[in-house]
Amino acid sequence: MSNEVLITNKLLQSCEDAIDAGYTAHRLYQQEDPEAFLKEVGPRIRAIAAGKVDAALIGKLPKLEMISNFGVGYDNIDTDAARARNIRVTNTPSVLNDAMAEITIGLMVGLARRLPQADRYVREGKWLKAPFPLQSELTGKTVGIVGLGRIGKEIASRCLAMKMRVVYFGRRQQPNTPYVYYDKLADMARDADWLVVITPGGAGTDGIVNRAVLEALGPKGYLVNMARGSVVDEPVMVDMLQSGGIAGAALDVFADEPNVPEALFALDNVLLSPHQGSATQQTRDAMGALVVANLDAYFAGEPLLTPVV
Ligand code: 8YV
């Protein structure tokens with residue numbers, strides 16, 4: 001029998017097909033009684049493909065050796081619990097950088113030029129009565145990038161193409177980057193017109209975009225969150241969007257997805273997006289292929305392609 005792999009969440013069909021072709025796959029997400037199912041197959045599982053993996057699940061899989069995560073962010077995996085059992089963990093970096101950067105610019109333009117409102121304006125026949133009001137633009141503005149990693153750098157270069165000035169905040173200054181570095185997030189927010197959040201989620205960044213940072217961004221500043229809802233203090237952000245404490249926000253991620261704070265639905269200065277940064281066919285195919293390539297490398301005894309643990 002081939003190696004047994006647990007698929008925790010529904011994956012892309014092409015990815016599930018590739019796992020089926022090389023492994024005996026067990027689908028946790030299809031089970032009506034997951035506990036009984038895990039009791040039966042748990043002792044045989046050697047790898048997990050997919051999403052949320054907590055310490056409790058790891059505890060039910062005594063032969064687990066490897067977790068191949070679908071996603072570059074792995075805050076959904078309890079890496080401490082994995083490390084404690086010498087379980088390897090991989091993610092899917094790099095292949096989604098361009099899709100992420102592309103939609104970030106799209107959301108920024110959409111928010112600045114109010115594209116959803118402009119579309120409604122035409123459909124509702126309002127253009128026949130009066131021109132659409134003048135909007136702001138990105139050109140000449142300063143964008144502060146929170147987290148100049150692989151995706152952050154792709155966003156930065158596209159912001160340069162929009163003739164923006166790019167600065168960044170991160171844990172440390174990076175060598176060989178042409179952008180001004182801030183070691184204090186609030187200082188950068190004060191100097192920026194746009195704050196683009198693209199830092200990993202997890203304990204290290206929980207709530208770092210807090211009231212002080214949003215106040216520094218101020219009534220003319222725009223927030224864009226492409227990272228994780230946890231990075232921003234969501235209730236404070238909602239409050240400041242309602243009161244005009246910040247000018248607006250484009251949000252692809254939320255604290256309790258797919259639940260979005262209802263207060264945001266009433267706000268005209270917010271552009272909402274359903275966590276779709278990497279959600280193009282070509283990028284998701286590439287992510288799925290990397291999930292499988294990491295599994296294959298592990299079971300072939302070869303070095304993992306993109307290990308994080
Ligand atoms: C998700 C993401 O993985 O890669 C990440 O970290 O946030 C996304 O690409 C995707 O939503 C998984 O379904």
Side-chain angles (χ1 to χ4, degrees), residues 5-19 25 27-30 47-54 57 67-79 82 89-107 145-155 170 196-206 208-209 223-232 234 249-260 272-295 304-309:
V5 173
L6 185 70
I7 305 179
T8 54
N9 308 73
K10 174 94 186 96
L11 289 173
L12 216 59
Q13 199 51 49
S14 58
C15 181
E16 293 216 0
D17 290 347
I19 295 173
R27 290 169 170 78
L28 188 59
Y29 66 86
Q30 284 178 345
I48 292 180
K52 190 169 163 55
V53 183
D54 57 17
L57 179 58
I67 300 168
S68 186
N69 184 47
F70 187 96
V72 63
Y74 50 93
D75 49 322
N76 53 324
I77 310 257
D78 189 330
T79 47
V89 180
T90 59
N91 68 343
T92 61
S94 303
V95 292
L96 42 55
N97 297 352
D98 291 325
M100 291 289 301
E102 195 173 287
I103 195 171
T104 303
I105 299 296
L107 289 172
I145 298 187
V146 183
L148 196 70
R150 284 173 287 237
I151 302 170
K153 289 190 175 109
E154 291 295 338
I155 293 172
V196 174
V197 183
I198 186 64
T199 190
T205 58
D206 196 13
I208 59 168
V209 180
L223 173 70
V224 182
N225 191 1
M226 302 304 295
R228 288 289 182 264
S230 61
V231 181
V232 176
E234 197 168 75
L251 306 168
D252 189 50
V253 289
F254 304 87
D256 179 30
E257 296 171 6
N259 299 303
V260 173
L272 300 172
S273 171
H275 196 148
Q276 55 157 340
S278 68
T280 67
Q281 191 67 51
Q282 97 191 43
T283 288
R284 286 286 168 86
D285 281 343
M287 290 166 69
L290 192 46
V291 166
V292 178
N294 273 306
L295 280 174
L304 298 173
L305 282 88
T306 49
V308 290
V309 172

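Values in this document were obtained by computation on a predicted structure and should not be read as measured data. All ligand and atom numbering here is 1-based and tracks the order in the structure. Because only heavy atoms are used, hydrogens play no part in the values below, and waters and symmetry mates are left out as well, while side chains stay in.
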Query raised in the report: Is there a donor-acceptor contact under 3.5 Å from the side chain of T205 to the main chain of V231?
Result: no
Report task. Would you mind telling me which of N76, T92, T90, N91 makes a side chain to side chain donor-acceptor pair (under 3.5 Å) with N69? Result -> N76
Report summary line: With sequence neighbours left out, the residues meeting side chain to side chain donor-acceptor pair (under 3.5 Å) with T104 are none
Query raised in the report: Taking the non-hydrogen atoms of Q276, is any one of them nearer than 4.0 angstrom to ligand 1?
Result: no
Determine the minimum heavy-atom distance between [X] and [Y], stating which atoms define it.
X: S278; Y: T283; answer: O-CG2, 3.4 Å
X: H275; Y: E257; answer: ND1-OE1, 2.7 Å
X: T199; Y: G147; answer: CB-CA, 4.2 Å
X: D252; Y: Q276; answer: OD1-N, 2.8 Å

For ligand 1, find out whether one of its N or O atoms is nearer than 3.5 Å to an N or O atom of [X].
X: M287; value: no
X: R228; value: yes
X: G73; value: yes

Only heavy atoms of [X], strictly under 4.0 Å: list the atoms of ligand 1 that pass.
X: V72; value: 4 (O), 5 (C), 6 (O)
X: S278; value: 8 (C), 9 (O)
X: G71; value: 3 (O), 4 (O), 5 (C)

**Report entry** Nearest-0.5 Å distance, NZ of residue K153 to CG of residue L148
**Finding:** 5.0 Å
Report summary line: heavy-atom search around atom 2 (C) of ligand 1 in the protein gives H275 NE2, 3.6 Å
**Report entry** Closest approach of any protein heavy atom to atom 12 (C) of ligand 1, naming residue and atom
**Finding:** F70 CD2, 3.8 Å
Report summary line: Heavy-atom proximity to atom 10 (C) of ligand 1 ranks first, among M100, M226, R284, for R284
Report summary line: Honestly, for L96 the part within reach of ligand 1 (heavy atoms, under 4.0 Å) is side chain
